[in-house]
Amino acid sequence: MSVALPIVNAPRWIASELAHGAGCVRPGPIAFVRGEGSRLFTETGEAYLDASASYGVASLGHAHPEITEAVARQASQLVALTPSFANDVRAAYLDELQNVLPESLDRAFLCNSGTESIEAALKIARWSTGRTGVIAALRGFHGRSMGSLSATAEPKYREPFAPLVPGFRHVRHGDVEALAEAIGPETAAVLLEVIQGEGGVRPSPDGYLERVRELCDANGALLIFDEVQTGFCRTGSFFAFQASGVVPDLLALGKGIAGGVAMGATVFGPRIGALSAGSHGSTFGGNPLACAAARATLRVMQRDRLDERAAELGAIARVRLQPLVDAGKVREVRGRGLMIGIETRGRVAPVRQELLNRRILTLAAGLNVLRLLPPLTIHVTEWNEVIDQITGVLS
Ligand SMILES: *Cc1c(COP(=O)(O)O)cnc(C)c1O
């Protein structure tokens with residue numbers, strides 16, 4: 001593999017971000033000023049193919065005309081409105097979200113990020129059960145606030161911030177025996193990703209979620225699915241849990257929910273019932289601007305069957321990447337739909353750098369997994385180009 005020459009454009013912007021940004025995320029060597037569909041453009045008009053969608057957030061691609069129109073129109077009507085007044089757009093979104101959810105999930109707490117949706121789910125689980133224990137999975141990722149971080153097992157995220165919230169335990173994802181041993185009368189909830197994202201794109205083993213559901217029911221614990229990354233058509237069904245038929249008591253959503261606009265949602269149903277007034281809240285949560293973007297996103301996803309599209313494009317990738325596995329060039333290709341993890345034999349960083357040189361944006365999940373979360377709207381030709389370049393770099 002050729003050693004990458006650093007690409008540096010817009011050094012003044014990068015210098016400003018390095019000097020005055022918080023420093024917890026270092027900006028890469030490229031600055032982008034515009035996006036269109038699955039492409040991002042630099043100041044001088046160089047195009048990059050985006051197979052990351054900013055961690056799946058830009059689910060409909062960049063500057064989707066229907067998102068642009070919905071946001072512009074709503075911005076001219078009403079941007080800010082506290083949840084203590086009802087609103088036409090928020091009400092319509094709450095109704096429309098029901099069309100893609102099972103009847104047992106008929107309420108949503110609207111917030112502004114995946115972390116907040118997890119935080120709400122944890123608080124609701126404790127409040128509703130009167131218990132304090134939470135069991136989450138090793139290799140799981142749920143966010144970086146003190147509660148969601150307590151649910152995240154990875155020591156590098158946790159250790160600098162100890163002590164975290166008490167009551168959290170971690171078991172191996174997929175290990176029924178370990179969960180059976182850990183769960184008990186103190187357990188308020190079991191919190192899992194249906195497919196672990198940051199932890200390396202690792203689907204739940206067949207039959208595991210069914211057993212988890214049984215263990216929760218037998219012990220009076222709630223089941224929380226974190227679908228912040230897997231939700232909204234990403235994995236080939238509207239929500240990843242639908243492929244298993246196992247319905248959770250609480251569902252945490254975020255990332256692609258509003259086509260790029262910041263939003264999260266914690267969904268639950270009659271088993272929990274309405275929260276008591278004042279028990280939780282969010283100043284920005286359910287603001288009309290985000291709700292307008294979320295409505296447009298939902299409409300496009302349903303009309304254009306982006307769940308089916310994700311399944312089809314994912315299948316193309318899996319077939320086309322299989323020869324790399326057969327030839328021993330990569331260890332494994334995992335995931336579902338347009339959530340794909342390619343486990344490399346060595347470190348993934350130089351692979352991503354070489355793809356960047358070829359103007360393809362990808363993600364990592366850990367040290368040796370190349371992760372793809374392209375816009376669900378990526379053209380077939382663009383998707384094939386991404387796969388061609390990956391094949392070229394990994395061969
Ligand atoms: C990204 C992510 C989060 C955190 O979402 P933020 O919007 O970054 O707060 C939580 N859980 C999962 C599974 C995620 O992928």
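Counting starts at 1 for both ligands and their atoms, in listed order. Computed over heavy atoms, backbone and side chain alike; hydrogens, waters and symmetry mates excluded.
- Ring pair F225/F241 is tilted by interplanar angle, where 30° to 60° counts as tilted.
- Residue D226 has at least one nitrogen or oxygen atom sitting less than 3.5 Å from a nitrogen or oxygen atom of ligand 1, judged on distance alone.
- No chain of hydrophobic side-chain contacts below 4.5 Å, direct or via other Ile, Leu, Val, Met, Phe, Trp or Tyr residues, connects L192 to L122.
- Applying the salt bridge (charged side-chain N to carboxylate O under 4.0 Å, His left out) definition to pairs two or more places apart or across chains, those involving residues 174-194 are R172-D175.
- Figure legend: R34 and F41 shown as a cation-pi pair, the cationic atom lying under 6.0 angstrom from the six-membered ring centre and within 45 degrees of its axis.
- At a heavy-atom distance under 4.0 Å, only side-chain atoms of K255, from C-beta outward, approach ligand 1.
- Against a heavy-atom cut-off of under 4.0 Å, Q229 is close to the following atoms of ligand 1: 15 (O).
- Within the listing of ligand 1, atoms 13 (C) sit less than 4.0 angstrom from a heavy atom of E193.
- Contacts between T115 and ligand 1 below 4.0 angstrom, taking non-hydrogen atoms only, involve backbone and side chain alike.
- By the 6.0 Å contact criterion, CZ on F284 is open, its count of non-hydrogen atoms from other residues, nucleotides or ligands being 12 or less.
- In this structure, the ring of F32 has its center less than 6.0 angstrom from the ring center of Y48.
- Looking at atom 7 (O) of ligand 1, its nearest protein heavy atom turns out to be G114 N, 3.0 Å.
- Considering backbone and side-chain atoms together, E198 places no N or O closer than 3.5 Å to any N or O of ligand 1.
- Counting heavy atoms under 4.0 Å from ligand 1, residue H142 touches it through the backbone alone.
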